[in-house]
Amino acid sequence: MTTNSTNHDLILKQYQEERSKCLVYTRVMGYHRPVESFNIGKKGEHKQRAHFRYEDAKVNI
């Protein structure tokens, strides 16, 4: 697995200039807010959430 990890690191370094910060938004009380603006406690709650997956919610009718 070391080669896979090394390859990943090389790709990240190669494209470092093209990378940009990704903002993650979540719905809070009916509106969307960026997770980065949360306080420490709210960030912890966000990490513990179970995320919705459409594939898991399919119902065979």
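Computed from heavy atoms alone, side chains included, the values below leave out hydrogens, waters and symmetry copies. Please read these numbers as outputs of a predicted model, since none were measured by experiment.
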Next on the checklist: List the residues meeting salt bridge (charged side-chain N to carboxylate O under 4.0 Å, His left out) with K43, not counting sequence neighbours, and say none if there are none.
Outcome noted: none
For residues 16-30, which side-chain donor-acceptor pairs fall under 3.5 Å, sequence neighbours excluded?
| residue | atom | partner | partner atom | Å |
| --- | --- | --- | --- | --- |
| Q16 | OE1 | R19 | NH1 | 3.2 |
| K21 | NZ | E36 | OE1 | 2.7 |
| T26 | OG1 | R49 | NH1 | 2.8 |

Item to check | From L12 atom CG to N7 atom CG, the distance as rounded to the nearest 0.5 Å | outcome: 10.0 Å
Checklist entry - So how far is it from R33 CZ to H46 NE2, rounded to the nearest 0.5 Å? => result 12.0 Å
